[in-house]
Amino acid sequence: MNKAKGFFSFFILSFSCLFFSCDGLFDGTESKGNDLPQPVIKVNASNVTISCNASATDNILYINVYRKLSAEGEYINIAQIIPDSGNFTNSVQFVDSYIENNTKYDYKIRYAKKTESGDIDYVNTAAQTITTSTGATGELELTDGVDSLTDASGVEFTFDTETYLLTLKTPAAFGSNATTDPVFCLVISNGKKIIPIELTTDFKLNLRNALSTDFLDVPLNIEKVIAQIKEEDKINKYTTYTWSIPVKITIKDSSGATQNRITVPVSSATNSNLDYSS
């Protein structure tokens, strides 16, 4: 598989966050009573574009894009699109450049729509199947040509049980030839919500300082590492976050024991507005 050559920067929004329950997780079916438009998907020479006609009256809080190989596997959450002002005011377009040549993919999107009562209604569109062209870049992974970082080889983090600090054991495996600053994040689940949290530039994460209150005093699953590209559309006033293919990780404490679940009792709480549910 060709590796994508670009890397990307990650963000954590400073304003109040939105989190999402299991009811909002993508279930692979089209929601009933869907009053939102089906996306238009176009295959180009080197990418795939997905266009959605979203307006302020639709009350869409954000859009997630899902993709999978048609012949195998589960859908991967590859992007989130967030309006700058709380509502989309123009058409939205997502450009998927990190795809394999001459490959058949299925795409779906999920609208997160605010209801009159203030709740969130998740609307999943029907799948659309396309076959890519010959000029595609290659699926976006965590390496920029370094083959060592895969699910098979694994990625190991060490965990300090006193300070709640996670540290990547072999940071060199992430590669060093990125076209932008390579910053990564861990995917963390509390059983109801799934969020990506940024690692520092030296590949560390202090869980006490990073987690919001609903991720405290509950067992956490931390099983994946991803990276992300942030792109701002100043004209149409929305921001797109593109996620890489996730890589599984292992967490071990100082004694070498594997930590399958971690519980953090206290935190100074920093919130994330991203939704990595699948």
Side-chain angles (χ1 to χ4, degrees), residues 4 6 8 20 24-31 34-84 87-113 120-141 196 226-246 273-278:
F8 40 86
F20 311 99
L25 302 188
F26 184 79
D27 60 8
T29 61
E30 183 179 6
S31 294
N34 184 357
D35 59 349
L36 297 174
Q38 184 79 0
V40 176
I41 301 179
K42 181 181 178 182
V43 178
N44 305 304
S46 60
N47 58 45
V48 171
T49 56
I50 302 173
S51 302
C52 309
N53 291 321
S55 65
T57 57
D58 291 325
N59 294 317
I60 299 172
L61 298 174
Y62 60 88
I63 297 170
N64 285 103
V65 181
Y66 299 86
R67 184 191 69 207
K68 79 177 186 72
L69 291 170
S70 296
E72 62 182 70
E74 299 178 349
Y75 280 95
I76 296 174
N77 194 343
I78 62 170
Q80 184 168 341
I81 308 167
I82 304 174
D84 295 344
N87 280 299
F88 291 102
T89 56
N90 296 292
S91 295
V92 177
Q93 184 178 83
F94 172 69
V95 180
D96 189 4
S97 300
Y98 302 101
I99 48 179
E100 293 291 345
N101 295 328
N102 298 317
T103 302
K104 186 177 288 188
Y105 289 103
D106 293 342
Y107 285 91
K108 294 186 180 185
I109 70 168
R110 181 184 67 183
Y111 298 102
K113 181 178 179 179
I120 299 176
D121 182 24
Y122 295 91
V123 181
N124 301 316
T125 66
Q128 297 188 54
T129 302
I130 59 92
T131 301
T132 60
S133 186
T134 58
T137 305
E139 291 183 351
L140 180 60
E141 297 188 358
I226 59 173
Q228 174 183 282
I229 297 169
K230 175 184 177 182
E231 297 174 289
E232 297 180 348
D233 188 327
K234 297 294 187 181
I235 297 176
N236 294 304
K237 298 181 180 180
Y238 61 80
T239 302
T240 300
Y241 302 90
T242 302
W243 285 310
S244 71
I245 296 173
N273 193 43
L274 297 185
D275 177 3
Y276 193 73
S277 60
S278 59

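Remember, predicted model here, so these are calculated numbers, not experimental data. As a basis for the values below, the full set of heavy atoms in this structure was taken, side chains included, without hydrogen atoms, waters or symmetry mates.
- Looking at heavy atoms from C-beta onward, Pro83 lies out of side-chain contact with Ile60 at the 4.5 angstrom threshold.
- Under the side chain to side chain contact (heavy atoms under 4.5 Å, CB included) criterion, Asn87 pairs with Ala56, Asn59, sequence neighbours left out.
- The salt bridge (charged side-chain N to carboxylate O under 4.0 Å, His left out) contacts involving residues 43-57 comprise nothing, where partners must be two or more places apart or lie in separate chains.
- With sequence neighbours left out, the side chain to side chain contact (heavy atoms under 4.5 Å, CB included) criterion links Asp233 to Ile235, Asn236, Tyr238.
- With sequence neighbours excluded, the residues forming a side chain to side chain contact (heavy atoms under 4.5 Å, CB included) with Thr103 are Leu69, Glu100, Tyr105, Thr132, listed by chain and number.
- Minimum heavy-atom separation, Ser133 to Asn44: CB-O, 3.3 Å.
- With no hydrogens or angles considered, a side-chain donor-acceptor pair links Asn64 and Arg110 at under 3.5 Å.
- Salt bridge annotation for Lys113-Asp121: absent, with no cationic side-chain nitrogen under 4.0 angstrom from a carboxylate oxygen.
- Using modelled atom types, one side-chain atom of Gln38 and one backbone atom of Ala126 make a donor-acceptor pair closer than 3.5 Å.
- Tyr241 places none of its side-chain heavy atoms less than 4.5 Å from the side chain of Ile229.
- In terms of heavy-atom proximity, Asn77 sits nearest to Val65 at OD1-O, 3.6 Å.
- In this structure, the side chains of Ile120 and Leu61 come closer than 4.5 Å at one or more pairs of heavy atoms.
- Residues that satisfy the side chain to side chain donor-acceptor pair (under 3.5 Å) test with Ser91, not counting sequence neighbours, are Asn53.
- Between Gln128 and Pro39, some side-chain heavy-atom pair lies under the 4.5 Å cut-off.
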Stepwise side-chain contact (heavy atoms from CB on, under 4.5 Å) check, Trp243 with Gln80: CA-CA 8 Å; Trp243 285 310; Gln80 184 168 341; 3.5 Å; yes

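- Applying the salt bridge (charged side-chain N to carboxylate O under 4.0 Å, His left out) test to every pair with at least one member in residues 40-52, sequence neighbours left out, gives no pairs at all.
- By the side chain to side chain donor-acceptor pair (under 3.5 Å) test, Thr240 is found to be paired with no residue, residues two or more places apart in sequence or in another chain being considered.
- Counting heavy atoms from C-beta outward, Tyr98 and Asn47 have side chains that stay 4.5 Å or more apart.
- Taken from SG in Cys52 to OH in Tyr111, the straight-line distance is 4.0 Å, to the nearest 0.5 Å.
- Within the structure, the salt bridge (charged side-chain N to carboxylate O under 4.0 Å, His left out) test picks out the following pairs touching residues 87-97 (sequence neighbours left out): Arg67-Asp96.
- Among all heavy-atom pairs drawn from Phe88 and Ile81, the shortest one is CZ-O, 3.5 Å.
- The CD1 atom of Ile78 lies 11.0 Å from the OG atom of Ser244; values are rounded to the nearest 0.5 Å.
- Applying the side chain to side chain contact (heavy atoms under 4.5 Å, CB included) criterion to Lys104, with sequence neighbours excluded, gives Ser70, Thr129, Thr131.
- Tyr66 OH to Ile76 CD1: the interatomic distance, rounded to the nearest 0.5 Å, is 12.0 Å.
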Worked check of side-chain contact (heavy atoms from CB on, under 4.5 Å) between Tyr107 and Val48: CA-CA 10 Å; Tyr107 285 91; Val48 171; 3.9 Å; yes

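- When the salt bridge (charged side-chain N to carboxylate O under 4.0 Å, His left out) test is applied to Glu232, the partners found at least two apart in sequence or on another chain are Lys230, Lys234.
- Distance CD1/Ile50 to OG1/Thr125: 9.0 Å, rounded to 0.5 Å.
- Both the sub-6.0 Å distance and the 45° axial angle are satisfied by Lys68 relative to the ring of Tyr75.
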